[in-house]
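Given the structure is predicted, the values throughout are model-derived calculations rather than measurements. Throughout, a chain's letter reflects where its sequence line sits, starting with A, and its residues are numbered from 1.
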Number of protein chains: 4
Amino acid sequence: MAAATRLFAERGYDRTSVQEIVEASGVTKGALYHYFGSKDDLLHEIYGRLLRLQQDRLDTFACADAPVEQRLRDAAADVVVTTIDNLDDAMIFFRSMHQLSPEKQKQVRTERRRYHERFRALVEEGQQHGVFSTATPADLVVDYHFGSVHHLGSWYRPDGPLTPQEVADHLADLLLRALRP
Amino acid sequence: MAAATRLFAERGYDRTSVQEIVEASGVTKGALYHYFGSKDDLLHEIYGRLLRLQQDRLDTFACADAPVEQRLRDAAADVVVTTIDNLDDAMIFFRSMHQLSPEKQKQVRTERRRYHERFRALVEEGQQHGVFSTATPADLVVDYHFGSVHHLGSWYRPDGPLTPQEVADHLADLLLRALRP
Amino acid sequence: MAAATRLFAERGYDRTSVQEIVEASGVTKGALYHYFGSKDDLLHEIYGRLLRLQQDRLDTFACADAPVEQRLRDAAADVVVTTIDNLDDAMIFFRSMHQLSPEKQKQVRTERRRYHERFRALVEEGQQHGVFSTATPADLVVDYHFGSVHHLGSWYRPDGPLTPQEVADHLADLLLRALRP
Amino acid sequence: MAAATRLFAERGYDRTSVQEIVEASGVTKGALYHYFGSKDDLLHEIYGRLLRLQQDRLDTFACADAPVEQRLRDAAADVVVTTIDNLDDAMIFFRSMHQLSPEKQKQVRTERRRYHERFRALVEEGQQHGVFSTATPADLVVDYHFGSVHHLGSWYRPDGPLTPQEVADHLADLLLRALRP
DNA sequence: AATGAATGAGAGTTCATTCAT
DNA sequence: TATGAATGAACTCTCATTCAT
């Protein structure tokens, strides 16, 4: 999975052959297919790993004992940090999701929606308590933020001027500022 | 190109065969290769079309005779509208850019950077005039907004509750609100 | 097709690889797949050739201007001769039919049934005219004869003591003798 | 063996994987290979079972104390009944014999020939006693009948109008009628 | 007696591209 | 300008069999 992750991130899912994966990981094709039913499966497992991680962390932050502004800020920043920390997985996720088989795609989308909705609930909570502006529908706000998260792979470089935490703080700050009443 | 655009958007660049393109468009392989040097070329042309369109429009908005807040708001909204109006092209662009040959990718990235910089200049202009907060580096602000534009293909549906213009207004509004000092 | 026919007859459909076919015939895989959609198709074409040949000949014999005993005898002998003359095709047919895709199998079975029914009509005609015994249902009679035709590949050898015509005469004679009232 | 028999009959020997056999029978690959040396062996065992059964029964009928016409009729009918009763085994036998390894094929053919010769001896006996016509060589007569037996799998259906015994009687009758002087 | 992970060769098929016409 | 047959490398996946445990 590590080899596959690296290769998928490097050249894309379709451009990576099973042959290359087994060569990079030092196993045989037979062994790979003994554990993964298909190339698709491999991709799906990579997704699952990241999805579960982020879902768990979001749950933790959302349920924390703190004002909603703080919880949203923490969650918004955390998704940025974990995305950067797993940038390979994340890029594969965002780019290759639509290359999964239809049924697997549906499954992923369902899980993704759960994540989106948990996040949206935080925004709505703040809007109901009057600490966030209601000028923009909560759904749109969430997509706005997630857009910037998906986009990280396009510009973030580990050797750039900002640490992951700094980027995260900036992006969370932008979100919170945009939500000021 | 119309057929190729539709197919690329539908199933992705790698999953679309030249055979399918020529069948969908009613031409022959030979004819296609007479006009386009390669499948890559076709993709590159589709990019070029959208890139030129958006660059032109950005130039128009940025050079308009209006306060910088207005100019940024208009530009930010416009890129949303033209992206939605050309959602197929845009999705191909965002998803398949990394599947171009390295040299074509470089060329695209160069043009993309010009676009990014034009946009950033607007943000910096506002920051220098004190109408935008300087809390966040202008680069990050631009990436924040572009992130949401790239993300449109993941959630925007023509039959959804919002018109393209409404989405654009909301997203531009979020940007401007985030930039309030 | 000639190379495929020979190889299929020699080692069976499943045991013959596309690689072997293209090597034996001096074409490339690409060329083969340009003309035949699949390995299945190739088999189906071989079937078709023999089926059409035998159907045509049966039609000719069945419609001839002669007493029904003569027409049945001629048809029964002819199917033996053409089967021996195309023993490779025939053996492939009898052995590999069930290895076709379900839909192709259905198509073949439909054509095969037409052939069977044309033959059965001859038997029934003789039975109605009282020149053939009605002790056995016509369907069974036809299957009895076809059984011996299918079986030819299991024992007939070109260098054996009997010519194809002699075999055919004997088998047709057995059929006609069995049908004596 | 029961699972293998069913699967081989259903989809053919080559189309059935060892994996499918072990899954269908609830054993493991290791266990299967502990008892059978190879997939080939499995097929060979299935053959052996039917071959021994039919050989035994033929011996019984051929040595009975009855006129040769009766003995041949009984034997000819019996092979039909036991073939229908073991139609799966029989179909595998007729279709897959040529997929055995050359040496196993030779062995099977030798046993098959013994069976054929025992049957032929009956025909010759009747011919020498003048109760069967000598118009057709005994070998051919036997092949004629065996052909119809092999063919049973192509058309006989348990839910059809005829019971196995009725089919057997009809086919034996056709044989005996064909042999009338 | 039994396991099941691992092998590695080979299966059928697809593909972007070329080129003689 | 346009054809479409031909290429040949690469693709994903399957398989009977082995063997350390």
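Looking at residues two or more places apart in sequence or on another chain, you find a salt bridge (charged side-chain N to carboxylate O under 4.0 Å, His left out) between Asp41(C) and Lys104(C). With sequence neighbours excluded, the residues satisfying side chain to side chain donor-acceptor pair (under 3.5 Å) with Arg109(D) are Gln105(D). Judged as a side-chain contact (heavy atoms from CB on, under 4.5 Å), and not counting sequence neighbours, the contacts of His151(D) are Asp143(C), Phe146(C), His150(C), Ser154(D), Trp155(D). With sequence neighbours left out, Arg15(D) forms a side chain to side chain donor-acceptor pair (under 3.5 Å) with Asp14(C). Listed by chain and residue number, Phe93(B) satisfy the ring-ring contact (aromatic ring centres under 6.0 Å, His included) test with Tyr47(B) (two or more places apart in sequence, or in another chain). By the side chain to side chain donor-acceptor pair (under 3.5 Å) test, Thr83(A) is found to be paired with Gln54(A), residues two or more places apart in sequence or in another chain being considered.
In this structure, the CG atom of Leu42(A) is 11 Å from the P atom of dT12(F), given to the nearest Å. Atom-to-atom, CG of Asp40(D) to C1' of dT17(F) comes out at 13 Å; the value is rounded to the nearest Å. Atom pair Asp41(B):CG and dT17(E):C1' shows a separation of 13 Å (rounding to whole Å applied). The distance between atom CD of Glu23(D) and atom P of dT3(E), rounded to the nearest whole Å, is 14 Å. Atom NZ in Lys39(C) sits about 14 Å away from atom P in dT14(E), given to the nearest Å. Look at OH on Tyr33(D): it is 18 Å from P on dA20(F), rounded to the nearest Å.
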Quiz item: Using Watson-Crick and G-U wobble pairs whose two distances are both under 3.5 Å, how do you write the pairing of DNA chain F as dot-bracket, with | for links to another strand?
Solution: .||||||||||||||||||||
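Counting only residues at least two apart or in different chains, side-chain hydrogen bond (donor to acceptor under 3.5 Å, both in side chains) contacts with residues 29-38 of chain C comprise Gln19(C)-Lys29(C). Applying the side-chain hydrogen bond (donor to acceptor under 3.5 Å, both in side chains) rule to pairs touching residues 86-96 of chain B yields His98(A)-Arg95(B), Arg49(B)-Asp89(B), sequence neighbours excluded.
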Quiz item: Step by step, would you call Met1(A) with Phe36(A) a side chain to side chain contact (heavy atoms under 4.5 Å, CB included)?
Solution: CA-CA 10 Å; Met1(A) 275 187 65; Phe36(A) 298 94; 3.6 Å; yes
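Each of Glu20(A) and Thr16(D) lies near DNA chain F, and the nucleotide nearest Glu20(A) is the one positioned closer to the 5' end.
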Considering only distance and modelled atom types, tabulate donor-acceptor pairs under 3.5 Å from the side chains of residues 6-13 of chain B, sequence neighbours left out.
from: Arg11(B); atom 1: NH2; to: Glu20(B); atom 2: OE2; distance (Å): 2.9
from: Tyr13(B); atom 1: OH; to: Asp40(B); atom 2: N; distance (Å): 3.0
from: Tyr13(B); atom 1: OH; to: Asp40(B); atom 2: OD1; distance (Å): 3.3

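Taking side-chain N and O atoms only, Ser17(B) has no distance below 4.0 Å to OP1 or OP2 of dT14(E).
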Output a table of nitrogen or oxygen pairs between the protein and nucleotides 4-7 of chain F separated by less than 3.5 Å.
from: dA5(F); atom 1: OP2; to: His34(C); atom 2: NE2; distance (Å): 2.4
from: dA5(F); atom 1: O5'; to: His34(C); atom 2: NE2; distance (Å): 3.1
from: dA5(F); atom 1: O3'; to: Tyr35(C); atom 2: OH; distance (Å): 3.0
from: dA6(F); atom 1: OP2; to: Tyr35(C); atom 2: OH; distance (Å): 2.2
from: dT7(F); atom 1: OP2; to: Thr28(C); atom 2: OG1; distance (Å): 2.6

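Contact check of residues 7-15 of chain A against DNA chain E (heavy atom, cut-off under 4.0 Å) returns no residues at all.
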